[in-house]
Q: 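Got a structure for you, written out below as structure tokens; questions coming shortly.
Each chain gets a letter, A, B and so on, in the order its sequence line appears, and its residues count up from 1. Treat the numbers as computed from the prediction; the structure is a model and nothing was measured.
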2 protein chains.
Amino acid sequence: MAQKKRTTKRSLGPETSPELDALVREIIERVADKWTMLVIEALAEHGTLRFTAVGEKVGGISQKMLTKTLRQMEADGLVTRTVLPVIPPHVEYDLTDMGFELGKAFCGVWIWAEKYQKAIAKSRAEFGRRAAAMPRVRAL
Amino acid sequence: MAQKKRTTKRSLGPETSPELDALVREIIERVADKWTMLVIEALAEHGTLRFTAVGEKVGGISQKMLTKTLRQMEADGLVTRTVLPVIPPHVEYDLTDMGFELGKAFCGVWIWAEKYQKAIAKSRAEFGRRAAAMPRVRAL
DNA sequence: CAGTATCCAACCTGATACTG
DNA sequence: CAGTATCAGGTTGGATACTG
């Protein structure tokens, strides 16, 4: 099915002040750095987790990135970090309410992805076919 | 104010199938590639735009990245690309409904960022102070 | 266990030059 | 105008080794 032509302007919703834009842009860049969302998910799903456990739940993350991601999230107030003064060390991470809220905010994207999953796959396949058959620039 | 301790598990909402996870993860990575969201915003706000115009509305993007971003979005079905067979070339980009919906889905994150803007700044400041005063590893 | 430190390869990106 | 092609710099991320 062809897409309907649209030339009308449509607002995305909230007002778009320039500096809020910059903040949101930064937030989104950080938050969507590939690991943050997965850590949020892991913590939301399993509750409090220790350092290594977070890595296991997330899966496929290097220790370096796990550390970096958790530090970042701690700095931003998305997780709390609790050190139990025992030997060997025992460090617990937990989502803050703010972190949990962010996870919920991302649900919209989750739902979108679920809804358009098939459409995306189809679009990619068609694009691939077009690209194979056609030159990028059509000389009339 | 201190964060309340929470060890309970809380679902983020939709079910979490492994491959949907992967898709969402990929989507988020793409969408947060720094330019995609801004292009969506530009097109949502201004309607159909020509190649150069998109770049102007987005601001600060190189031609290379603009091309790459638009190609990607076209492949995923987020935008349509219409070539008018005239000289000089005239190429129009427009958001698809799917693309527009993605923009709306991200509004949740936008709103979150707006809501917690201050809290994030405060958290970062405090974290900075803690980091300056304390060693990373506390030896009991 | 929970990190830190270092090295290195891959990738991303901008600048520049060229084309239909 | 709307790209493509190439090159160079910076950043990112993984692997590895080491520490309190």
Q: Tell me which of Thr67(B) and Gln63(A) sits closer to the 5' end of DNA chain D, going by the nucleotide each one is nearest to.
A: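 So the residue in question is Thr67(B).
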Q: May I have the distance from Leu66(A) (atom CG) to dC1(C) (atom C1'), rounded to whole angstrom?
A: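 The answer, rounded to whole Å, is 13 Å.
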Q: Determine, for Arg129(B) against Glu126(B), whether the closest basic-nitrogen to carboxylate-oxygen distance falls under 4.0 angstrom.
A: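 Salt bridge flag = no for Glu126(B) with Arg129(B).
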Q: Apply side-chain contact (heavy atoms from CB on, under 4.5 Å) to Gln117(B) and list each qualifying residue two or more places apart in sequence or on a separate chain.
A: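 Only Leu20(A), Leu23(A) meet the side-chain contact (heavy atoms from CB on, under 4.5 Å) criterion with Gln117(B).
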Q: Measure OH/Tyr93(B) against P/dC1(D) and give the value in whole Å, please.
A: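 Going from OH in Tyr93(B) over to P in dC1(D) covers 15 Å.
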Q: Expressed as a whole number of angstroms, how long is the span from Ile87(A):CD1 to dA2(C):C1'?
A: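 One finds 13 Å between C1' of dA2(C) and CD1 of Ile87(A), rounded.
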Q: Among dG3(D), dG3(C), dC1(D), which nucleotide sits nearest the side chain of Arg50(B)?
A: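 Closest of the options to the side chain of Arg50(B): dC1(D).
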Q: Do Thr36(B) and Val39(B) touch side chain to side chain, with heavy atoms closer than 4.5 Å?
A: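 The answer is no, as the side chains (C-beta and beyond) never meet within the 4.5 Å cut-off.
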Q: Quick one: does Thr96(B)'s side chain get under 4.5 Å of Glu101(B)'s, heavy atoms only?
A: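 Not touching, per the 4.5 Å side-chain cut-off.
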Q: In whole angstroms, how far is the P atom of dG20(D) from the CZ atom of Phe51(A)?
A: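 In whole Å, dG20(D) P lies 18 Å from Phe51(A) CZ.
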Q: Dump the pairs, protein N or O against N or O of nucleotides 12-15 of chain D, anything under 3.5 Å, distances to one decimal.
A:
unit_1  : atom_1 : unit_2   : atom_2 : d
dG13(D) : N7     : Lys64(A) : NZ     : 3.2
dG14(D) : OP2    : Ser62(A) : OG     : 3.1
dG14(D) : O6     : Lys64(A) : NZ     : 2.3

Q: Atom CG of Leu84(A) and atom P of dG20(D): how far apart are they, to the nearest Å?
A: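 In whole Å, dG20(D) P lies 21 Å from Leu84(A) CG.
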Q: Using only side-chain N and O atoms of Arg81(B), determine if any of them is under 4.0 Å from OP1 or OP2 of dA2(D).
A: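 Result: no.
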Q: What stems involve DNA chain C, if each pair must be Watson-Crick or G-U and both of its distances must be under 3.5 Å, with 3 or more such pairs in a row?
A: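 C:1-20 with D:1-20 - these are the stems of 3 or more pairs that involve DNA chain C.
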Q: Between dC1(D), dC1(C), dG3(D), spot the one nearest the side chain of Pro88(A), thanks.
A: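 The answer is dC1(C), which lies nearest to the side chain.
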Q: In whole Å, I'd like the distance from the NE2 atom of His90(B) to the C1' atom of dG3(D).
A: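 Distance check: His90(B) NE2 to dG3(D) C1' gives 15 Å.
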Q: Does the ring centre of Trp110(A) sit less than 6.0 Å away from the ring centre of Phe106(A)?
A: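 No, the ring centres sit 6.0 Å or more apart.
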Q: Output all residues satisfying salt bridge (Lys or Arg N to Asp or Glu O under 4.0 Å) with Glu26(B), sequence neighbours left out; order by chain, then residue number.
A: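 Salt bridge (Lys or Arg N to Asp or Glu O under 4.0 Å) check on Glu26(B) returns Arg124(A), Arg30(B).
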Q: Under a 4.5 Å cut-off applied to non-hydrogen side-chain atoms, are Glu92(A) and Leu49(A) in contact?
A: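 Heavy-atom side-chain distance check fails, nothing below 4.5 Å.
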Q: Ignoring hydrogens and angles, write down the donor-acceptor pairs under 3.5 Å from the side chains of residues 61-68 of chain A, residues two or more places apart or on other chains.
A:
unit_1   : atom_1 : unit_2   : atom_2 : d
Ser62(A) : OG     : Met65(A) : N      : 3.2
Thr67(A) : OG1    : Gln63(A) : O      : 3.0

Q: Write down the distance between CD (Glu74(A)) and C1' (dA2(C)), rounded to a whole number of angstrom.
A: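 So the two atoms are 13 Å apart, to the nearest Å.
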Q: Between Thr52(B) and dA2(D), does any side-chain N or O lie under 4.0 Å from OP1 or OP2?
A: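 Result: yes.
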Q: By side-chain contact (heavy atoms from CB on, under 4.5 Å), which residues pair with Ala121(A), not counting sequence neighbours?
A: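 Testing Ala121(A) for side-chain contact (heavy atoms from CB on, under 4.5 Å), a comparison that skips the adjacent residues, returns none.
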